[in-house]
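All remarks here apply to the structure that follows.
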Protein chains: 2
Amino acid sequence: MDDRLERSVGVELSLVTVDLVIFTIREDALVVLLVERGAEPYMGRSALPGGRVRTNETLAEGARRELWEETAIDGTRLHLEQLGAYGDPGRDPRGRVVTIAYLALGPDLPAPVGGTDAAHAYWAPVAALLGEPGKLAFDHARILEDALERIRGTLEDTTVATVFCPDVFTLSDLRGVYEAVWGRALDPSNFRRKITKAEGFVEPTGEQRPQATGRPAALYRKGSAKRLSPPFLRSAS
Amino acid sequence: MDDRLERSVGVELSLVTVDLVIFTIREDALVVLLVERGAEPYMGRSALPGGRVRTNETLAEGARRELWEETAIDGTRLHLEQLGAYGDPGRDPRGRVVTIAYLALGPDLPAPVGGTDAAHAYWAPVAALLGEPGKLAFDHARILEDALERIRGTLEDTTVATVFCPDVFTLSDLRGVYEAVWGRALDPSNFRRKITKAEGFVEPTGEQRPQATGRPAALYRKGSAKRLSPPFLRSAS
DNA sequence: CGCTTTAAGGTCAACTAGACCATAACTATC
DNA sequence: GATAGTTATGGTCTAGTTGACCTTAAAGCG
């Protein structure tokens, strides 16, 4: 894409892509899916999965398609939400590329097999990534930061935390989601009170799950409520 | 922009535009700036102001430029925030157009003179617009709905409400902002307590302003705090 | 059995929000 | 000039929520 193209048609056109910030919880840590780039620019560097949007699909459809093509993850079970558009002129050395970033959340997913496109796909702990500036290609570090702040805030006033859990889960599992995303420990007792009193957040199944150690925990499944009110604020302490 | 163009270059390109949802308060009502379209498609219909993004500017810069070109409003004093990207294939009959919507908030602005582009620009009360489906061109009704929900939520946990007010204002003025955006009355006494106890939301100037009727009100200016914690929730009542 | 571990439930004080009341300070009007 | 109307400002009271912390329950393990 060079300037001659634009002049030839008399209209300024842009390449539009989608980039995916796919979060899940693995071993009590928030991780994000990265791919190792197999082509210039930034060959060999890590990047968020993504690709071009086709003209006959919606932005969200493009996100789900790229999710499948690059990581072989079936996105129908994932929570997908638009994060925003990133279009600074210098963000891609090849020229003007506007990308629409999507946030995808899901339960502990099968190890990415590296779909058709990307050579390698792998889960990277988010906490460690933030301490490595320059590790990610393009402006993906910025997108990742925005995504982290978005999900941290979203946990406060919605029930999306359950999408990180399997179909049935314990309240400790759910608490682990909050602790991994917010990066701090929560009081188990107060957490239980907040969640169980919030109507429609979780529903008891009546079953129990034996633990490796300690008293067995009751199992729950996600409820029908989408919003959490009053919100569950991550306080300063 | 037709299919021949795309085939000729072998890459799927899109037209990228910015659209602006400019909110302000006029006569105790939340109003949005609309322009009457002077060209096809949707000629004569109302639409959000907006236009093409140039390849050498950021998306936010493009938003400020269009703001100036279409409405002659100086955007440097306005709060500008990205709302999201809208890119459904059928949203523009001319072909694939991806638009990045921006939310702009400001104090009661000079009557729009209809800048260089649009024939007519005018303030439309948002409440009335929501009851008129099909009044707006493209998918602008959807964008407007999203913008309204965004600003309603933003008032809950930030101090942006002050950008709707002039440099100095009374607490009644500020309460009027919340009432206009949320569409419901607030208790003056409880509102005062909430705002004045929140550190950095407003700062007293020591001055007073005589009212048309009733006791004079103390004047304030905006404080330095950006976030409001704990948030000011719009409750069900 | 006694110890450890996690789950689950309760208590208590501090804080917050909503409803409501009272007073202050001004204007308009009789 | 007294009085009513109107808005600003401040206070009270109660219900609900939260954070800190304690107690008991139910499992495994030596």
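Here the structure is a predicted model, which is why all the values come from computation and not from measurement. Residue numbers start from 1 in every chain, and the chains themselves are labelled A, B, ... in the order their sequence lines are given, proteins ahead of strands. Computed from heavy atoms alone, side chains included, the values below leave out hydrogens, waters and symmetry copies.
- Under the 6.0 Å cut-off for aromatic ring centres, A:Y178 and A:F232 qualify, their centroids lying closer than that.
- For A:A217, the side-chain atoms get nearest to C:dA7 when compared with the rest of C:dC20, D:dA8, C:dA7.
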* Could you check B:S229 against B:D157 for side chain to side chain contact (heavy atoms under 4.5 Å, CB included), going step by step and ending with a plain yes or no? => CA-CA 6 Å; B:S229 107; B:D157 56 4; over 6 Å; no
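- Comparing C:dT6, C:dC26, D:dG11 against the side chain of B:P216 picks out C:dC26 as the nearest.
- Rounded to whole Å, atom C1' of D:dG19 lies 14 Å from atom CH2 of A:W182.
- A salt bridge links A:R234 to A:E149: at least one charged side-chain nitrogen sits closer than 4.0 Å to a carboxylate oxygen.
- In terms of position on DNA chain D, the residue among B:R215 and A:P230 whose nearest nucleotide sits closer to the 5' end is B:R215.
- The base of C:dA8 has none of its N or O atoms less than 3.5 Å from a complementary donor or acceptor on the side chain of A:R192.
- At a cut-off of 3.5 angstrom, counting only N and O atoms as typed in the model, there is a donor on one side and an acceptor on the other between the side-chain of A:R193 and the base of D:dG19.
- Considering only the side chain of B:R175, D:dA8 comes nearest among C:dA7, D:dG19, D:dA8.
- Side chain of B:K194, nearest nucleotide from C:dA7, C:dA17, D:dG11: C:dA17.
- With hydrogens and angles ignored, a donor-acceptor pair under 3.5 angstrom links the side chain of A:N190 to the base of D:dA20.
- Remark on DNA chain D: of its neighbouring residues B:A218 and A:F232, the 5'-side contact belongs to B:A218, judged by nearest-heavy-atom nucleotide.
- OP1 or OP2 of C:dA7 sits under 4.0 Å from a side-chain N or O of A:S172.
- Judged by atom type and distance alone, B:S189 reaches the base of D:dG10 through a side-chain donor-acceptor pair under 3.5 Å.
- For the pair B:E207 CD and D:dA8 C1', the interatomic distance rounds to 17 Å; values are reported in whole Å.
- The shortest distance between the side-chain N/O atoms of A:S235 and the OP1/OP2 oxygens of D:dT18 is not below 4.0 Å.
- Contact check on A:E179 versus A:R152 returns no salt bridge, with no Lys/Arg side-chain nitrogen under 4.0 Å from an Asp/Glu carboxylate oxygen.
- We find that CD of A:Q211 is positioned 12 Å from C1' of C:dA8, with the value rounded to whole Å.
- Both B:G214 and B:P231 sit near DNA chain C, but only B:P231 has its closest nucleotide nearer the 5' end.
- Between A:D173 and A:R209 there is a salt bridge, with a side-chain nitrogen of the basic residue lying less than 4.0 Å from a carboxylate oxygen of the acidic one.
- Here C:dA7 presents its P atom at 10 Å from CZ of A:R209, a figure rounded to the nearest Å.
- If you take CG of A:D187 and C1' of C:dT11, they are 13 Å apart, rounded to a whole angstrom.
- Each of D:dA27, C:dA8, C:dT5 was ranked by its minimum atom distance to the side chain of A:T213; first place goes to C:dT5.
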